[in-house]
Peer 1: 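Let me begin by handing over the structure; questions about it come next.
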Amino acid sequence: MDAEERQSEILNLLREHERVTVDDLSTRFGVSNQTIRADLRDLSNRGLATRTHGGAVRVDQVSNREYAERRKLKGQEKEAMGGLTASLIPDNCSVSLNIGTSTEQVAKALSHHKDLTVLSNNINIINILIGTQSKELILVGGAVRQSDGAIVGEDAVEFIERYKVDYAVIGASALDADGAVLDFDAREVSVARAILRNSRIKILVCDSSKFERSAPIRICAVQDLDYVVTDQIPPIEFIEAARAGQTEILVLDELNAS
């Protein structure tokens, strides 16, 4: 069986099972793990699968909602979370924001801040802040993903590594009750990790629907963050994990009730 036939069979397996592992595929096809990794890399580069640690997942598990559609979900809550997150960030500082509909709302709320240096891998965020009182806007370099304006991959990671900012604001696709912060795309995760790694104060902004979803790739743990901004009280296990890491959780429901 040549590479084309093997990759076609891998796609059939993904349609049936949604996820495959390198070890299982190596045994199934009687080839080395290195060969399977090359197959998965090729499928990923062609947009037919998304690589994960030790395997791959089906593409529709990754892009389960179109970006424009996701903007509409919990729109009022995201706007309020954006304002709350922006209140944690002073004028005259530096901030990084990653791709996401929630981080875009943070950017809108930051449009009234003065003398910010803003670094982002999200073209939409830079466009939102053009013409505001920000001091400097820095768009991360690399290839642009046309579906959502994201710049992801190793070029983006290398670019971010040149900077150290005061505040990082990230979103995520899923949250586990045990405190894991998760996403679908390994390239997006690499960028989010770089943003967190090169910041002093780390903020996650995520609505409560993310506790109802699952994603395979870990960005970080809640204990690695300084703040979590969300719209409803998280599961108790998540709160306890945050408390163990001295991570402060800010909840819209609690603030509105007080």
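Note that the coordinates shown come from a computational prediction; the quantities given were computed from them, not determined experimentally.
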Peer 1: Taking the side chain as every heavy atom from C-beta outward, state whether Phe238 and Val222 have any pair of such atoms under 4.5 Å apart.
Peer 2: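 Sidechains of Val222 and Phe238: in contact.
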Peer 1: Quick one: does Asn98's side chain have a donor or acceptor within less than 3.5 Å of a partner on Gly171's backbone?
Peer 2: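 Side chain of Asn98 to backbone of Gly171: a pair is present.
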Peer 1: Test of understanding: with side chain to side chain contact (heavy atoms under 4.5 Å, CB included), list the residues that count as partners of Ile128, not counting sequence neighbours.
Peer 2: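 By the side chain to side chain contact (heavy atoms under 4.5 Å, CB included) rule, Ile128 matches Glu104, Ala107, Lys108.
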Peer 1: If we ignore angles and hydrogens, is there a donor and acceptor under 3.5 Å between the side chains of Ser199 and Lys164?
Peer 2: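 Result is no, nothing qualifies.
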Peer 1: Measure the shortest side-chain to side-chain distance between Leu225 and Ile203 over non-hydrogen atoms and say whether it is less than 4.5 angstrom.
Peer 2: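 Not in contact.
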Peer 1: For Ser8, what residues pass the side-chain hydrogen bond (donor to acceptor under 3.5 Å, both in side chains) criterion, not counting sequence neighbours?
Peer 2: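 Ser8 satisfies side-chain hydrogen bond (donor to acceptor under 3.5 Å, both in side chains) with no residue once adjacent residues are dropped.
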Peer 1: Using 0.5 Å steps for rounding, measure from the CG atom of Asp39 to the CG atom of Asp42.
Peer 2: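 The CG atom of Asp42 is 7.5 Å from CG of Asp39, to the nearest 0.5 Å.
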Peer 1: Should Val228 and Leu250 count as side-chain neighbours, where that means a heavy-atom distance under 4.5 Å?
Peer 2: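 Val228 vs Leu250: side chains apart.
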Peer 1: With rounding to the nearest 0.5 angstrom, report the OG1 to CZ distance, Thr52 to Phe184.
Peer 2: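 So the OG1 of Thr52 and the CZ of Phe184 are separated by 12.0 Å.
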Peer 1: Just so I know, are the side chains of Leu129 and Ser111 near enough to count as touching, which here means a heavy-atom distance under 4.5 Å?
Peer 2: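 They are in side-chain contact.
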Peer 1: Would you tabulate the side-chain donor-acceptor contacts of residues 86-95 under 3.5 Å, counting partners in other chains and residues two or more places apart, or write 'none'?
Peer 2:
{"from": "Ser87", "atom 1": "OG", "to": "Leu84", "atom 2": "O", "distance (Å)": "2.5"}
{"from": "Asp91", "atom 1": "OD1", "to": "Lys114", "atom 2": "N", "distance (Å)": "3.0"}
{"from": "Ser94", "atom 1": "OG", "to": "Asp166", "atom 2": "N", "distance (Å)": "2.9"}
{"from": "Ser94", "atom 1": "OG", "to": "Asp166", "atom 2": "OD2", "distance (Å)": "3.2"}

Peer 1: Step by step, work out the side chain to side chain contact (heavy atoms under 4.5 Å, CB included) result for Leu252 and Val229.
Peer 2: CA-CA 8 Å; Leu252 291 180; Val229 178; 5.6 Å; no
Peer 1: Tyr227: what forms a ring pair (Phe, Tyr, Trp, His ring centres under 6.0 Å) with it, not counting sequence neighbours?
Peer 2: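 Here no residue qualifies.
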Peer 1: List the steps and the verdict of side chain to side chain contact (heavy atoms under 4.5 Å, CB included) for Ile236 and Glu240.
Peer 2: CA-CA 6 Å; Ile236 186 62; Glu240 290 173 351; 3.7 Å; yes
Peer 1: Within this structure, what is the OG1-CG distance for the pair Thr101 and Asp207, rounded to the nearest 0.5 Å?
Peer 2: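 So the OG1 of Thr101 and the CG of Asp207 are separated by 7.5 Å.
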Peer 1: Could you walk me through whether Gln105 and Met81 pass side chain to side chain contact (heavy atoms under 4.5 Å, CB included), step by step?
Peer 2: CA-CA 8 Å; Gln105 290 298 327; Met81 289 189 302; over 6 Å; no
Peer 1: Mind checking what makes side-chain hydrogen bond (donor to acceptor under 3.5 Å, both in side chains) contact with Ser26, not counting sequence neighbours?
Peer 2: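 side-chain hydrogen bond (donor to acceptor under 3.5 Å, both in side chains) list for Ser26, sorted by chain: Asn33.
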Peer 1: Heavy-atom distance under 4.5 Å between the side chains of Ile170 and Thr103, does that happen here?
Peer 2: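 They are not in side-chain contact.
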Peer 1: For the backbone of Val152 and the side chain of Asn121, can you confirm whether one donor and one acceptor N or O come within less than 3.5 Å of each other?
Peer 2: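 Flag not set: sc Asn121 to bb Val152 has no pair under 3.5 Å.
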Peer 1: Just so I know, are the side chains of Thr35 and Arg6 near enough to count as touching, which here means a heavy-atom distance under 4.5 Å?
Peer 2: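 Yes - at least one pair of side-chain heavy atoms lies under 4.5 Å apart.
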Peer 1: With the side chain counted from C-beta on, respond yes when Leu25 and Leu13 share a heavy-atom pair under 4.5 Å apart, and no when they do not.
Peer 2: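 Yes - at least one pair of side-chain heavy atoms lies under 4.5 Å apart.
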Peer 1: The criterion is side chain to side chain contact (heavy atoms under 4.5 Å, CB included); which residues satisfy it with Glu136, sequence neighbours excluded?
Peer 2: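 For Glu136 the side chain to side chain contact (heavy atoms under 4.5 Å, CB included) partners, ignoring immediate neighbours, are Thr117, Ile138.
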Peer 1: Which atom names give the shortest non-hydrogen contact between Ser134 and Val118, and what distance separates them?
Peer 2: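 Answer, listing the atom of Ser134 first, then Val118: OG-CG2, 4.4 Å.
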Peer 1: Which heavy atom in Ser96 sits nearest to a heavy atom in Ile195, and how many Å separate them?
Peer 2: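 Heavy-atom minimum between the residues: CB-CG2, 3.7 Å.
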Peer 1: What is the distance from atom CD1 of Ile151 to atom CG of Asn122, rounded to the nearest 0.5 Å?
Peer 2: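 Result: 8.5 Å between the selected atoms.
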Peer 1: Mind jotting down which residue pairs meet the salt bridge (Lys or Arg N to Asp or Glu O under 4.0 Å) criterion with at least one end in residues 23-37? Sequence neighbours excluded, please.
Peer 2: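 Every pair satisfying salt bridge (Lys or Arg N to Asp or Glu O under 4.0 Å) with a residue in residues 23-37: Glu9-Arg28.
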Peer 1: Mind listing the closest non-hydrogen atom pair of Gly149 and Ile99 along with its distance?
Peer 2: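 Scanning both residues, the minimum pair turns out to be C-CD1, 4.4 Å.
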Peer 1: Can you see which heavy atom on Lys210 is nearest to which on Ala172, and at what distance?
Peer 2: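 Smallest heavy-atom distance, with atoms named: NZ-O, 2.9 Å.
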Peer 1: Check side-chain hydrogen bond (donor to acceptor under 3.5 Å, both in side chains) between Glu161 and all other residues, then give those that pass, not counting sequence neighbours.
Peer 2: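 For Glu161, the residues satisfying side-chain hydrogen bond (donor to acceptor under 3.5 Å, both in side chains) (neighbours in sequence not counted) are Arg197, Asn198.
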Peer 1: Carefully, step by step, assess Gln7 and Leu11 under the rule side chain to side chain contact (heavy atoms under 4.5 Å, CB included).
Peer 2: CA-CA 6 Å; Gln7 290 174 18; Leu11 289 176; 5.8 Å; no
Peer 1: Among residues two or more places apart or on two chains, list those pairs meeting salt bridge (Lys or Arg N to Asp or Glu O under 4.0 Å) that have a residue in residues 115-131.
Peer 2: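 As it turns out, there is no salt bridge (Lys or Arg N to Asp or Glu O under 4.0 Å) pair with a partner in residues 115-131 once direct neighbours are skipped.
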Peer 1: Taking only residues two or more places apart in sequence, or in another chain, which ones meet Ala180 in a side chain to side chain contact (heavy atoms under 4.5 Å, CB included)?
Peer 2: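 Ala180: side chain to side chain contact (heavy atoms under 4.5 Å, CB included) contacts with Asp176, Asp178, Leu182, Arg218.
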Peer 1: Measuring from atom CD1 of Ile219 to atom CG of Asp183, what distance do you get when rounded to the nearest 0.5 angstrom?
Peer 2: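 Spacing of CD1 (Ile219) from CG (Asp183) equals 4.5 Å.
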Peer 1: Which heavy-atom pair separates Thr247 from Gln223 by the least distance, and what is that distance?
Peer 2: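 Scanning both residues, the minimum pair turns out to be OG1-CA, 3.7 Å.
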Peer 1: List for me each residue that meets side-chain hydrogen bond (donor to acceptor under 3.5 Å, both in side chains) alongside Arg145, sequence neighbours excluded, and say none if there are none.
Peer 2: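 If we apply the side-chain hydrogen bond (donor to acceptor under 3.5 Å, both in side chains) test to Arg145, skipping adjacent residues, the hits are Asp148, Asp185, Glu188.
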Peer 1: Can you name the closest pair of heavy atoms from Ile249 and Ala242 and give their distance?
Peer 2: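 Smallest interatomic distance, heavy atoms only, reads CD1-CB, 3.7 Å.
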Peer 1: Could you list the residues that satisfy side chain to side chain contact (heavy atoms under 4.5 Å, CB included) with Glu5, not counting sequence neighbours?
Peer 2: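 Checked Glu5 against side chain to side chain contact (heavy atoms under 4.5 Å, CB included); matches are Met1, Asp2.
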Peer 1: Could you measure the distance from the CD1 atom of Ile36 to the CZ atom of Phe29? Nearest 0.5 Å is fine.
Peer 2: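 Rounded to the nearest 0.5 Å, the CD1-CZ separation comes to 6.0 Å.
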Peer 1: Are Arg51 and Arg41 close enough that some pair of their side-chain heavy atoms sits under 4.5 Å apart?
Peer 2: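 A side-chain contact exists here, since the closest heavy-atom pair is under 4.5 Å.
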